[in-house]
Asker: 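This structure is in structure tokens; I'll ask about it shortly.
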Amino acid sequence: MNEEVLNKFNIQQFQQDLLSWYYQHKRDLPWRQDQDPYKIWVSEIMLQQTKVDTVIPYFYRFIDKFPTVYELAAADEQDVLKAWEGLGYYSRAKNLQTAVREVVASYGGVVPENPDELGSLKGIGPYTKGAILSIAYNQPEPAVDGNVMRVISRILKIEEDIAKVKTRNLIEANVREIISKDDPASFNQAIMDLGSSICTPKAPACMFCPIQEHCKGFEDGVQEELPIKTKAKKQKKIPYVVLLIRNEKNEYVIEQRQDKGLLADLWQFPMVPINEIGRKHIENWVFSEYGIKVKLKEHKGNLKHVFSHIIWELEIYEAETKSIATDDPRLRFVNLEEIGNYPFPVSHQKMMQYLSEQ
DNA sequence: AATCCGGGGGT
DNA sequence: ACCCCAGGATT
């Protein structure tokens, strides 16, 4: 496909230009202090679809709480989710703990250096596998993320749709050709740093790019058109009434979500799907669903919460109940003190401002 | 191959 | 609004 471009590509000079730029400009990041495979691993999972600046405080707190695979393996899953609260994509945290437990049980607590063993762990896909192998173990393995796809598609003028797995594999094959065997850890991280600071999605700073003279996209003036990517479709809106149900002991009803799917195992205030039942039957629905008699009170406000694939349109109501206990295993009555121990999605954290004393 | 899965920030 | 972000699992 782009063999012609690759044939004329000066690999040695490219590596030298890229790496000398990186050695001079590399960012001082918390997970670059050492090459502890566990810490590299945690950082890579957190960084999936998440910006560096967002991850940094979470990384410090997480490593402080779970310094090695042993602390994480022994931890309560709810505590792990609490440490992940607000980061999103919560299955990352559950899969990470599952995989760490596997490392302790089957690999003596040592993160596998074998590509197949590493790649078989929960939550470790092709990117994360390559990142750990290259950064922690100095293996010349590609680590193709969004940055790398953008940078490589511009350099080699690859005009395939990067939303497709096939294109990711093509780029991986190309990286395998041009990666530095002497310092693969720096090579992979250099491309990522370049992608975040110079070779940005919009208005790339080609005039300051250390590898401009190697860039076929720039040579042909198409760098701003690359990479090619199909658009995501619009999110579907789903309306809910959310109930802040309080009893006479000033406790609120919270509910644990199911253990699979959206926001799995996190806690929330009960949500009534009003597009399914109609807003006339809210109190009846709550009784049939949870066995709790409630009386709707004041409308506290509305909230729109946008996910990647759906949009929640939330109407928040205060409600009262005479109940002080429940047999429903999903539910708990908690006071304002206890509620802070449970992992909540950001949308429901925002509702806590409406919780009142008395 | 397409869909599901969070939340934040830049433009 | 729209796009992107150090992606992976499931269908």
Side-chain angles (χ1 to χ4, degrees), chain A residues 26-27 29-32 39-59 81 84-96 98-99 118-136 141-151 161-169 171-172 175 185 187-197 199-204 227 229-236 257-258 260-266 268 303-312 343-350:
Chain A
K26 72 171 174 179
R27 290 174 289 180
L29 299 170
W31 44 90
R32 289 181 177 173
K39 285 192 262 183
I40 303 293
W41 182 7
V42 170
S43 76
E44 291 300 342
I45 300 297
M46 287 186 169
L47 286 161
Q48 288 170 8
Q49 300 294 288
T50 311
K51 293 241 195 326
V52 167
D53 289 340
T54 303
V55 166
I56 289 174
Y58 282 91
F59 178 80
L81 287 173
W84 211 269
E85 183 183 59
L87 253 189
Y89 287 141
Y90 297 93
S91 67
R92 292 184 293 175
K94 298 171 59 160
N95 289 339
L96 174 60
T98 300
L118 185 61
S120 73
L121 294 171
K122 260 294 193 331
I124 297 188
Y127 164 74
T128 305
K129 178 171 78 169
I132 293 172
L133 290 176
S134 63
I135 298 171
E141 291 290 321
V144 177
D145 68 341
N147 281 312
V148 177
M149 286 201 280
R150 183 174 59 257
V151 172
D161 182 358
I162 65 164
K164 298 192 181 305
V165 176
K166 195 170 147 195
T167 306
R168 201 201 66 81
N169 290 330
I171 291 179
E172 194 172 279
V175 171
F187 182 94
N188 281 339
Q189 294 180 94
I191 299 214
M192 293 189 247
D193 275 25
L194 190 74
S196 79
S197 62
C199 197
T200 49
K202 299 194 184 303
K229 186 178 184 185
T230 53
K231 297 175 183 138
K233 55 175 196 177
K234 275 199 347 189
Q235 304 101 316
K236 193 163 113 185
R257 295 177 61 86
Q258 53 187 78
K260 297 206 182 315
L262 184 65
L263 303 168
D265 281 335
L266 271 66
Q268 65 180 22
L303 197 58
K304 188 167 95 165
H305 193 79
V306 179
F307 297 92
S308 318
H309 58 305
I310 54 175
I311 298 175
W312 278 356
F344 279 75
V346 167
S347 50
H348 284 253
Q349 289 180 51
K350 288 178 179 167

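Numbered from 1 within each chain, the chains take letters A, B, ... in sequence-line order.
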Asker: Run the side-chain contact (heavy atoms from CB on, under 4.5 Å) check on A:Lys229 and A:Met149 step by step: do they pass?
Answerer: CA-CA 11 Å; A:Lys229 186 178 184 185; A:Met149 286 201 280; over 6 Å; no
Asker: Taking only N and O in the side chain of A:Gln48, is any of them less than 4.0 Å away from OP1 or OP2 of C:dA6?
Answerer: no
Asker: Keeping A:Tyr58 on the side-chain end and A:Ser43 on the backbone end, is there a donor-acceptor pair under 3.5 Å?
Answerer: no
Asker: To the nearest 0.5 Å, how far apart are NE2 in A:His305 and NZ in A:Lys350?
Answerer: 6.0 Å
Asker: I'd like to know if the side chain of A:Arg92 and the backbone of A:Met46 have a donor-acceptor N/O pair within less than 3.5 Å.
Answerer: yes
Asker: Is A:Thr128 side chain donor-acceptor paired with the C:dG7 base, going by distance under 3.5 Å alone?
Answerer: no
Asker: Using a heavy-atom cut-off of 4.0 Å across all strands, would you classify A:Ser91 as base, sugar-phosphate, or nothing?
Answerer: nothing
Asker: So what does A:Trp84 hit on the nucleic acid, given a heavy-atom distance under 4.0 Å: a base, only sugar-phosphate, or nothing?
Answerer: nothing
Asker: Determine the Euclidean distance between corresponding P atoms of B:dG8 and C:dG8; express it in Å to zero decimal places.
Answerer: 22 Å
Asker: Name the nucleic acid region contacted by A:Arg168, choosing base, sugar-phosphate or nothing; use a 4.0 angstrom heavy-atom cut-off, strictly under.
Answerer: nothing
Asker: When you match A:Lys233 and A:Arg92 each to their closest nucleotide on DNA chain B, which lands nearer the 5' end?
Answerer: A:Lys233
Asker: Please give the nucleotide sitting opposite C:dC4 as a Watson-Crick or G-U wobble pair, both distances under 3.5 Å, or none.
Answerer: B:dG8
Asker: Just the rounded figure in Å: distance from P of C:dG7 to CG of A:Leu47.
Answerer: 8 Å
Asker: What is the distance from CG of A:Leu266 to P of B:dG7, rounded to the nearest Å?
Answerer: 8 Å
Asker: To the nearest Å, how far apart are A:Tyr127 OH and C:dG8 C1'?
Answerer: 13 Å
Asker: Check every strand shown and say whether A:Val52 touches a base, only sugar-phosphate, or nothing at a heavy-atom separation below 4.0 Å.
Answerer: base
Asker: If I take atom NE2 from residue A:His348 and atom CG from residue A:Leu263, how far apart are they, to the nearest 0.5 angstrom?
Answerer: 8.0 Å
Asker: Could you state the atom-to-atom distance from CD1 of A:Ile135 to P of C:dA6 in whole Å?
Answerer: 13 Å
Asker: Roughly how far, to the nearest 0.5 Å, is CD1 of A:Ile135 from CD of A:Glu141?
Answerer: 12.5 Å
Asker: Write down the distance separating the C1' atoms in C:dC3 and B:dG6, rounded off to the nearest Å.
Answerer: 16 Å
Asker: Compare side-chain N and O positions of A:Tyr90 against OP1 and OP2 of B:dG7 and report whether any pair is under 4.0 Å apart.
Answerer: yes
Asker: Between B:dG7, C:dC5, C:dG8, which nucleotide gets closest to the side-chain atoms of A:Arg150?
Answerer: C:dC5
Asker: Whole angstroms only, please: what is the CG-P distance between A:Asn169 and C:dG7?
Answerer: 16 Å
Asker: Over all strands shown, is A:Lys166 touching base, sugar-phosphate only, or nothing at heavy-atom distances under 4.0 angstrom?
Answerer: nothing
Asker: For A:Tyr89, which contact category applies under a 4.0 Å heavy-atom criterion: base, sugar-phosphate, or nothing?
Answerer: base
Asker: Please tabulate the protein-to-nucleotide N/O contacts below 3.5 Å involving nucleotides 8-11 of chain B, giving atom names and distances.
Answerer:
none

Asker: What are the two closest heavy atoms between A:Ala143 and A:Ala131, and how far apart are they?
Answerer: CB-N, 3.6 Å
Asker: On the nucleotide B:dC4, are OP1 or OP2 found under 4.0 Å from the side-chain N or O atoms that A:His309 carries?
Answerer: no
Asker: Would you indicate which nucleotide in C:dA6, C:dC4, B:dC5 comes nearest to any side-chain atom of A:Asn147?
Answerer: C:dA6
Asker: For A:Arg257, report the nucleic acid contact type (base, sugar-phosphate, nothing); a contact means any heavy atom under 4.0 Å.
Answerer: nothing
Asker: A:Met46 has an atom CE; how far is it from atom P of C:dG8, in whole Å?
Answerer: 16 Å
Asker: Rounded to whole angstrom units, what separation is found between the NZ atom of A:Lys260 and the P atom of B:dG6?
Answerer: 13 Å
Asker: Return the 5'-most residue of the pair A:Glu44, A:Lys122 with respect to DNA chain C, ranking by each residue's nearest nucleotide.
Answerer: A:Glu44
Asker: Round to a whole Å and report the spacing from CD1 of A:Ile162 to P of B:dA1.
Answerer: 16 Å
Asker: Classify the nucleic acid contact of A:Ile124 as base, sugar-phosphate or nothing, counting any heavy atom under 4.0 Å across all strands shown.
Answerer: sugar-phosphate
Asker: Please check if the side chain of A:Thr50 supplies one atom and the backbone of A:Gln48 the other of a donor-acceptor pair under 3.5 Å.
Answerer: yes
Asker: If you check every side-chain atom of A:Leu29, which of B:dG6, C:dA6, C:dG8 has the closest atom?
Answerer: C:dA6
Asker: So, A:Asp193 and A:Arg27, do they make that salt bridge, N to O below 4.0 Å?
Answerer: yes
